[in-house]
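Just below is one structure, and these are the notes that go with it.
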Amino acid sequence: MSNLAELERLFFTRVGLDRARTTRLVADSLGGADDGELFLEYCQSESFAFDDGRLKSATFDTAQGFGLRAVADEAVGYAHSTELSEAAIRRAGDAVRAVARGHSGRLSPAPAGTNRALYAEDSPLTDMAFADKVRLLEEINAYARGRDERVRQVSVSLAGEWQAALILRADGALVGDIRPLVRLNVAIVAGKGERQESGSAGTGGRSVYAAFVTPEVWRAQVEEALRQALVNLESVPAPAGEMTVVLGPGWPGILLHEAIGHGLEGDFNRKKTSAFAGLMGQRVATPGVTVVDDGTIAGRRGSLTVDDEGTPSARTVLIEDGILVGYIQDRLNARLMGMAPTGNGRRQSFAHTPLPRMTNTYMLAGTQAPAEIIAGVERGLYAVNFGGGQVDITSGKFVFSCTEAYQIEGGKVGAPVKGATLIGNGPDALTRVAAVGNDLSLDPGIGTCGKQGQGVPVGVGQPTLRLDRLTVGGTA
């Protein structure tokens with residue numbers, strides 16, 4: 001990797017760790033274990049919030065530390081510290097080696113190496129001056145307030161992060177990754193009389209700020225947030241009942257992520273708590289449905305050069321033409337299931353153990369034009385944007401709220417509706433896919449996934465989809 005030398009200088013020269021002695025400490029700590037590693041992290045982050053016409057907050061944080069993990073069978077010993085020193089690593093080793101006491105495991109081979117590096121050393125925190133960032137937020141606020149007399153409130157946020165991660169194994173194998181991350185978000189409240197509605201839009205990815213703060217980019221976010229707010233201002237109560245639902249492309253893939261993607265993660269399937277457990281090689285969706293998880297797409301929010309265990313990220317096919325063919329795997333669950341890791345061992349920070357997590361998860365495009373799909377629906381709901389949702393991994397049941405949706409009447413998109421929720425079962429919904437559009441798009445770079453108290457950046461996507469006989473909760 002082109003940035004490995006920079007990472008070694010960061011952790012072994014600037015911090016003062018000796019690589020040879022640190023490797024011996026890790027080897028001593030993992031004696032008798034099946035797997036494990038030392039995860040070193042240095043992270044700088046900042047965020048700005050502009051609201052009510054003024055800068056409400058500006059934060060900057062630097063965090064560094066390590067996590068030492070020993071794995072024996074399915075038991076995990078983990079210790080972490082913000083103190084980057086050999087003494088601290090030695091104390092952590094005393095704690096984690098207890099998990100392998102009496103266990104005669106043999107350390108699993110290190111992940112395969114890679115010469116790929118998705119990101120350079122550049123940090124988004126240094127490519128713009130503080131005053132320029134504040135000026136940008138002021139300009140976005142002024143532009144949004146001047147777009148329409150119905151605008152009553154504007155909120156703008158900007159955030160950036162630069163993470164350096166280095167993973168050292170007991171055999172001396174060393175791999176690392178440098179991960180920039182930025183996000184810009186605009187939220188607008190519009191009103192007419194006593195009624196007020198909101199809209200929001202954002203963009204981001206793994207690069208410096210320059211790619212996301214040009215006038216063309218931020219004005220597009222303002223226009224989209226305003227469009228949503230004005231659409232919702234004209235919305236009528238949503239109908240309720242079982243009906244055909246057409247999902248728009250892009251961000252609606254969050255439903256795919258939550259209701260189906262989590263159920264394909266290795267830990268849930270190894271423990272047989274997923275609705276997809278034991279179904280490998282079987283049909284779980286209608287023909288034409290192919291779902292992949294791909295952490296190799298440069299610049300995307302969920303992409304990584306290597307995961308947090310050192311395994312190179314990959315493009316993993318999960319469902320192929322309706323057949324379940326793969327799971328999302330970290331090293332622990334892959335080893336226990338007799339499968340190969342897929343580069344999906346992810347952690348929020350050095351203070352967390354890695355878990356099998358999605359990167360960029362999306363459904364591939366089909367052949368039908370979106371207009372043709374909508375024209376084939378006599379009565380239904382066209383769901384374009386989603387807010388929060390809840391999913392039960394074991395049963396697959398989900399409830400998602402729509403932040404932008406429309407009635408479909410006689411094959412045409414009609415009035416916008418308010419208060420619509422989609423209620424269903426993820427595995428069952430896959431069997432109700434009646435049409436897959438040819439307009440695959442990924443989300444604009446705004447996704448964060450939560451699991452067991454850890455949040456990691458992710459991407460989602462899909463083409464226009466038609467699902468038959470889905471339950472819609474409404475207020476009409």
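Just so you know, these numbers use all the heavy atoms, side chains as well, and skip hydrogens, waters and symmetry mates. Along the sequence shown, the residues carry numbers beginning at 1.
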How far does [atom1] of [X] sit from [atom2] of [Y], to the nearest 0.5 angstrom?
X: Gln221; Y: Ile446; atom1: CD; atom2: CD1; answer: 9.0 Å
X: Gln462; Y: Leu364; atom1: CD; atom2: CG; answer: 12.0 Å
X: Leu430; Y: Asp428; atom1: CG; atom2: CG; answer: 9.0 Å
X: Leu470; Y: Leu255; atom1: CG; atom2: CG; answer: 8.0 Å
X: Asp293; Y: Ile328; atom1: CG; atom2: CD1; answer: 4.5 Å
X: Arg331; Y: Asn333; atom1: CZ; atom2: CG; answer: 12.5 Å

Using ring pair (Phe, Tyr, Trp, His ring centres under 6.0 Å) as the criterion, list what pairs up with Tyr78, not counting sequence neighbours. none
Is Arg206 reaching over with its side chain to a backbone N or O of Arg301, donor-acceptor style, under 3.5 angstrom? yes
Tell me whether Asp330 contacts the main-chain N or O of Arg357 through its side chain, where contact means a donor paired with an acceptor under 3.5 Å. no
Worked check of side-chain contact (heavy atoms from CB on, under 4.5 Å) between Tyr362 and Ile297: CA-CA 12 Å; Tyr362 54 94; Ile297 311 171; 4.1 Å; yes
Among side-chain atoms of [X] and [Y], is any donor-acceptor pair under 3.5 angstrom?
X: Asp439; Y: Thr464; value: yes
X: Glu41; Y: Gln163; value: yes
X: Ser47; Y: Thr59; value: yes
X: Ser235; Y: Arg195; value: yes
X: Asn360; Y: Ser303; value: yes

So, [X] and [Y], do they make that salt bridge, N to O below 4.0 Å?
X: Lys418; Y: Glu197; value: yes
X: Arg227; Y: Glu404; value: yes
X: Glu309; Y: Arg346; value: no
X: Arg270; Y: Asp267; value: no
X: Glu37; Y: Arg347; value: yes
X: Asp308; Y: Arg179; value: yes
X: Asp52; Y: Arg54; value: no

Would Leu465 and Met363 count as a side-chain contact (heavy atoms from CB on, under 4.5 Å) here? Give the steps. CA-CA 10 Å; Leu465 295 179; Met363 185 183 296; 3.5 Å; yes
Under the side chain to side chain donor-acceptor pair (under 3.5 Å) test against Asp51, which residue among Ser155, Ser157, Ser57 passes?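 Single pass found, and it is Ser155.
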State, yes or no, whether a side-chain contact exists between [X] and [Y] at a heavy-atom distance under 4.5 Å.
X: Asp321; Y: Val289; answer: no
X: Leu381; Y: Leu422; answer: yes
X: Thr114; Y: Val306; answer: yes
X: Thr244; Y: Arg379; answer: no
X: Met358; Y: His262; answer: yes
X: Glu46; Y: Phe60; answer: yes
X: Gln282; Y: Ile323; answer: no
X: Leu442; Y: Val460; answer: no

Hey, mind stepping through Glu265 and Asn269 against side-chain contact (heavy atoms from CB on, under 4.5 Å) and telling me if it holds? CA-CA 7 Å; Glu265 291 170 338; Asn269 286 278; 5.6 Å; no
Please set out all donor-acceptor pairs under 3.5 angstrom arising from side-chain atoms of residues 366-373, sequence neighbours excluded.
residue : atom : partner : partner atom : Å
Gln368  : NE2  : Glu372  : OE2          : 3.1

Verdict with reasoning, Tyr143 to Trp218, per ring pair (Phe, Tyr, Trp, His ring centres under 6.0 Å): CA-CA 10 Å; Tyr143 179 82; Trp218 63 254; 5.4 Å; yes
Tyr42 vs Trp162 aromatic rings, parallel, tilted or perpendicular, using cut-offs 30° and 60°? perpendicular
Closest heavy-atom contact between Phe398 and Ala429? CE2-CB, 4.3 Å
Compare every heavy atom of Ala334 with every heavy atom of Gln329, then report the nearest pair and how far apart it is.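 Heavy atoms only, the tightest pair is OE1-N, 3.4 Å.
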More than 12 heavy atoms of other residues, nucleotides or ligands under 6.0 Å from NZ of Lys56: yes or no?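 Buried by this count: over 12 neighbours within 6.0 Å.
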Salt bridge (charged side-chain N to carboxylate O under 4.0 Å, His left out) for Asp443 and Arg300? Distances and angles first, verdict last. CA-CA 9 Å; Asp443 77 279; Arg300 297 300 306 180; 3.5 Å; yes
